[in-house]
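Report on the structure given below.
Side chains are part of it too, since the values below use all heavy atoms of this structure and drop only hydrogens, waters and symmetry mates. Chain letters run A, B, ... following the sequence lines, proteins first and then strands; every chain starts at 1. No experiment lies behind these values; they were computed from the predicted model shown.
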There are 2 protein chains.
Amino acid sequence: MFSKSCEYGIKATLFIAQKSQWGERVSLKEIAAAIDSPIAFTAKILQVLAKASIVNSTKGLHGGYEIEKECLPKISLKQIVQAIDGNRIFDGCALGLKICNAKEPCPMHSQFVIIRNKLSETLASSNLLNVAMNLNLGLTVLKR
Amino acid sequence: MFSKSCEYGIKATLFIAQKSQWGERVSLKEIAAAIDSPIAFTAKILQVLAKASIVNSTKGLHGGYEIEKECLPKISLKQIVQAIDGNRIFDGCALGLKICNAKEPCPMHSQFVIIRNKLSETLASSNLLNVAMNLNLGLTVLKR
DNA sequence: GTAAAATCGGATAAAAAGGTCTTTATATCT
DNA sequence: AGATATAAAGACCTTTTTATCCGATTTTAC
Ligand code: FES
Ligand code: FES
């Protein structure tokens, strides 16, 4: 479904979001430990996220990653996925035709668009604040 | 969503199904041409499909691939996906946790299972006969 | 100035995708 | 029956993409 980069990207962002609720800033090492991801690889993904201005990064001593508290309710999971994996998941053909086109559809098109749209809506209507709250309630986890 | 192998596998099976309606048997070369796929790679996928007894293969002169007409309504797209990509799509965690578990769910679990199940149902409730009929009506295409 | 932290450029490893050649099975034609 | 052409099966190799790692550089607080 998602690439490994995207999985790590989502988990990293959620962890940052959780800590950012209390105004805490977290380091790369903390993130990698919290989500159980390869540290150097995670760094690259965070760069992408930073360039897409989904997270803020600060260099130097006491640096790290954070998200402004006011932004938390405005950032959706869909934005993260788009920043990392692009939107082929949201508009690509299920059977790999160069472009999905309802005028000359592949045999899965009519049923696939329903699922694709459902996925898109679900991700678009989620926001970091809600997801982070479930995290610190212990209702969900980022690693096991 | 699906691997390239799976995409080719589905398209190949659908093409074979279409021809098998009229009792025709098709060769590897015909299949690869019809679905616009790399010929040798397609051969490998067809071997998997043959071993899963989703298609029948016959060696030698006038050999090729076919599906018994009576089987067409009994084979679902889900079977094809499972034979090639396994069922990680149907039971795997969206965020890459080793196993998806509702007791200790990842933050996407509750929303993701809905989509996953919808996909599973959709694929399970489709059968080759229906899909093949749309193909020969020209309502859908396998390449462009 | 020094230590801590992210950035950057590239190197390496692993997996997915695709290709080549040989072998085996099968129908048809001597 | 035997030779031959055809078509899939099987073993192995190459390329491409994805995933992961390393070292040098820059930025910042103390
Ligand atoms: S054409 Fe294949 S999903 Fe739309
Ligand atoms: S635990 Fe992640 S989808 Fe179920």
Would you please test A:S76 and A:N127 for side chain to side chain donor-acceptor pair (under 3.5 Å) and show each step? CA-CA 4 Å; A:S76 71; A:N127 69 79; over 6 Å; no
Tell me: [atom1] of [X] to [atom2] of [N], nearest whole Å?
X	N	atom1	atom2	value
A:F41	D:dC21	CZ	C1'	11 Å
A:I39	C:dA6	CD1	P	8 Å
B:K44	C:dC21	NZ	C1'	12 Å
A:E30	C:dA4	CD	P	14 Å
B:K4	D:dT17	NZ	P	11 Å
B:D85	C:dA15	CG	C1'	14 Å
B:N56	D:dA9	CG	C1'	15 Å
B:I45	D:dG10	CD1	P	15 Å

Does a side-chain N or O from [X] land closer than 4.0 Å to OP1 or OP2 of [N], or not?
X	N	value
A:S27	C:dA4	no
A:K51	C:dC8	yes
A:Q47	C:dA6	no
A:H62	C:dA4	no
A:Y8	D:dT18	no
B:S57	D:dA7	no

Assign each of B:G63 and A:T58 to its nearest nucleotide of DNA chain D by heavy atoms, then name whichever residue's nucleotide is nearer the 5' end. B:G63
Of the options C:dA4, D:dT20, D:dA7, whose atoms approach the side-chain atoms of A:P38 most closely? D:dT20
If you check every side-chain atom of A:S5, which of C:dA17, D:dA19, D:dA9 has the closest atom? D:dA19
What would the secondary structure line of DNA chain C be in dot-bracket form, counting Watson-Crick and G-U wobble pairs under 3.5 Å, with [ ] for pairs that cross earlier ones and | for pairs with another strand? ||||||||||||||||||||||||||||||
Do [X] and [Y] have side-chain atoms, one donor and one acceptor, less than 3.5 Å apart?
X	Y	answer
B:T140	B:N134	no
B:K69	B:S20	no
B:T42	B:S37	yes

Has A:R144 got more than 12 heavy atoms of other residues, nucleotides or ligands less than 6.0 Å from its CZ? yes
Between A:E7 and A:K4, does any side-chain N to carboxylate O distance fall below 4.0 Å? yes
Group every Ile, Leu, Val, Met, Phe, Trp and Tyr by side-chain heavy-atom contacts under 4.5 Å, then state whether A:L97 and B:Y8 land in the same group. no
